[in-house]
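The first residue in the sequence is number 1, and the count goes up from there.
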Amino acid sequence: MVQKISLKRKLQLWYSGDGMNDARNKKIVVITGASRGLGRALAKKLASPESTLVLCSRDIKQLKKVCLELKNKGMECYAFSVDVSKKKG
């Protein structure tokens, strides 16, 4: 069974985890729609050794490709499947 948790909770778990490679000392950049188009371009533009990228998109398969591309260039990057168009009620 897959447990669905909110993006806020995912980020809390990620941020409080062990082995964060000084994530608390870096700028954290959260980009929605990062799997293609403007979001993908922003991710590439804002990627730097001084930042940690948290990429969000509904298309996790494509998002993982973007994240892997950035990781191969030495950037710290995390991918989360998120649909920000749905309001939690």
For residues 52-63, pull every pair meeting salt bridge (Lys or Arg N to Asp or Glu O under 4.0 Å), keeping only residues two or more places apart or in separate chains.
Arg36-Asp59
Spell out, yes or no, whether Leu55 and Leu68 are grouped together once hydrophobic residues are joined by side-chain heavy atoms under 4.5 Å, including indirect joins.
no
Shortest non-hydrogen separation from [X] to [Y] and the atoms involved:
{"X": "Ala79", "Y": "Cys67", "result": "N-SG, 4.1 Å"}
{"X": "Cys77", "Y": "Leu70", "result": "SG-CD1, 4.2 Å"}
{"X": "Ile31", "Y": "Gly39", "result": "CG2-O, 3.7 Å"}
{"X": "Cys56", "Y": "Val30", "result": "SG-CG1, 4.2 Å"}

Close side-chain approach of Tyr78 to Leu53, heavy-atom, < 4.5 Å
no
Under 4.5 Å between any side-chain heavy atoms of Pro49 and Met75, yes or no?
yes
Please test Glu76 against Lys71 for side-chain contact (heavy atoms from CB on, under 4.5 Å), starting from the C-alpha separation and ending with a verdict.
CA-CA 6 Å; Glu76 187 172 5; Lys71 284 182 176 183; over 6 Å; no
For Ser51, check side-chain hydrogen bond (donor to acceptor under 3.5 Å, both in side chains) against everything at least two apart and list the hits.
Ser48
Test side-chain contact (heavy atoms from CB on, under 4.5 Å) on Thr32 and Val82; report intermediate values, then the result.
CA-CA 8 Å; Thr32 60; Val82 177; over 6 Å; no
Check ion pair Lys44-Glu69 (N to O, under 4.0 angstrom):
yes
